[in-house]
Amino acid sequence: MDPRRALAGHAPDVAVLLLGATVTSTAGGERVALRLTEVEAYGGVGEDPGSHAHRGRTTRNAAMFGPPGHAYVYFTYGMHWCLNVVTEDAGQAGAVLLRAGEVVAGLDVARDRRPAAARDRDLARGPARLAAALAVTGVLDGIDLLATDGPLALSLPTVPASDVVVTARTGVGGAGASTSWRFHLDGEPTVSPYRPARPRRLPASGSG
DNA sequence: CGCACGATTTGCT
DNA sequence: GCAAATCGTGCGA
């Protein structure tokens, strides 16, 4: 099947397809490859309160509205980058956040980029760690992940992953938390530890 | 123009 | 287990 067409589906469906896929990075001058073990889906305008695209197109989330199979890279908490694969046809928003992976090539390079990692399983365990291991930064926002000559290349697994586990999303509060759009491979040591969404203070302090 | 906050990680207790 | 680190983005005025 044409990978571009496969990625044009609804984000949660595409998320499952991405488990077991390989992401190869030559950004930063050296090669590191990952096998994806954990992903999380985000929806479009008005569909998903936890999504960056929920309130419509902005400068930051523009890539989410672009063609499928491209990268959406954003910066958060003043220090971290996160990498997404854009889903849905152009004009419609959707993305899959790459949350964790197993390093399958360039182990020494990944260790160098992630000095804080105590073990190899921690090298790409968590979305910002994954981005760091692959040397992903904002300059890669919007690039085509299906191009073989670019700094990032995505190749879908030939056989769909079995042993897929579905859970609620991490770090998403409000109504979005109830959406079970987080997927990971069962028994994978590289899967990031589940952390419930940070409780939000009520907007109106009111009676009390 | 100013303010509040975030799809997180790390280090210390 | 908890709080700090750190700044671009989005939105209101």
Check nucleotides 10-13 of chain C against the protein and report each pair of N or O atoms closer than 3.5 Å, with its distance, or say if there are none.
| from | atom 1 | to | atom 2 | distance (Å) |
| --- | --- | --- | --- | --- |
| C:dG10 | OP1 | A:Thr58 | OG1 | 2.1 |
| C:dG10 | OP1 | A:Arg60 | N | 3.4 |

Distances for protein N/O vs nucleotides 1-6 of chain C N/O pairs under 3.5 angstrom?
| from | atom 1 | to | atom 2 | distance (Å) |
| --- | --- | --- | --- | --- |
| C:dT6 | O2 | A:Tyr77 | O | 2.5 |

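Following rounding to the nearest Å, A:Arg182 (CZ) and B:dA7 (P) show an atom-to-atom distance of 16 Å. The CG atom of A:Leu97 sits 16 Å away from the P atom of B:dG6 (whole-angstrom rounding). As rounded to whole Å, 11 Å separates atom P of B:dT9 from atom CG of A:Asp122. In this entry the distance linking CZ of A:Phe183 with P of B:dA7 reads 18 Å, nearest Å. Taking atom CZ on A:Phe75 and atom P on B:dT9, their separation rounds to 13 Å, with Å as the unit. One atom, CZ of A:Arg169, and another, P of B:dT8, lie 11 Å apart when rounded to the nearest Å. The separation between A:Tyr72 atom OH and B:dA7 atom P is 9 Å, rounded to whole Å. If you take CG of A:Leu130 and C1' of B:dA7, they are 13 Å apart, rounded to a whole angstrom.
Nucleic acid contact for A:Arg114: sugar-phosphate only, since backbone atoms but no base atoms lie under 4.0 Å from a heavy atom of the residue.
A 4.5 Å side-chain heavy-atom check between A:Val39 and A:Val85 finds every atom pair outside the cut-off. Between A:Val191 and A:Arg182, some side-chain heavy-atom pair lies under the 4.5 Å cut-off. Between A:Leu134 and A:Val32, the closest side-chain pair of non-hydrogen atoms falls below 4.5 Å. Proximity of A:Leu156 to A:Leu7: side-chain heavy atoms (C-beta onward) are separated by under 4.5 Å at one or more points. Side chains of A:Met64 and A:Asn84 form no contact here, defined as non-hydrogen atoms less than 4.5 Å apart.
Between the side-chain ring of A:Tyr74 and the base of B:dA7, no stacking contact exists by the 5.5 Å and 30° definition.
Nearest nucleotide to the side chain of A:Ala128, out of B:dT8, C:dG8, B:dA7: B:dT8.
Tested against A:Glu38, the residues A:Arg129, A:Arg169, A:Arg99 include a single salt bridge (Lys or Arg N to Asp or Glu O under 4.0 Å) partner, A:Arg99.
The aromatic rings of A:Trp81 and A:Phe75 are tilted relative to each other, their planes meeting at an angle between 30° and 60°.
For DNA chain C, each stem of at least three Watson-Crick or G-U pairs (distances under 3.5 Å) is given as range with range: B:1-6 with C:7-12, B:8-12 with C:1-5.
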Inset, instruction - Give the intermediate values and the outcome of side chain to side chain contact (heavy atoms under 4.5 Å, CB included) for residues A:Val45 and A:Phe65. - result: CA-CA 10 Å; A:Val45 178; A:Phe65 292 78; 3.7 Å; yes

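In terms of heavy atoms, A:Leu34 sits closest to A:Gly101 at CD2-C, 4.4 Å.
OP1 or OP2 of B:dT8 sits under 4.0 Å from a side-chain N or O of A:Arg99.
Side-chain N or O atoms of A:Asn61 include one that pairs as donor or acceptor with a backbone N or O of A:Gly56 at under 3.5 Å. For A:Arg4 (side chain) and A:Pro68 (main-chain N/O), a donor-acceptor pair under 3.5 Å exists by modelled atom type.
Within a 6.0 Å radius of CZ in A:Arg55, other residues, nucleotides and ligands contribute 12 heavy atoms or fewer.
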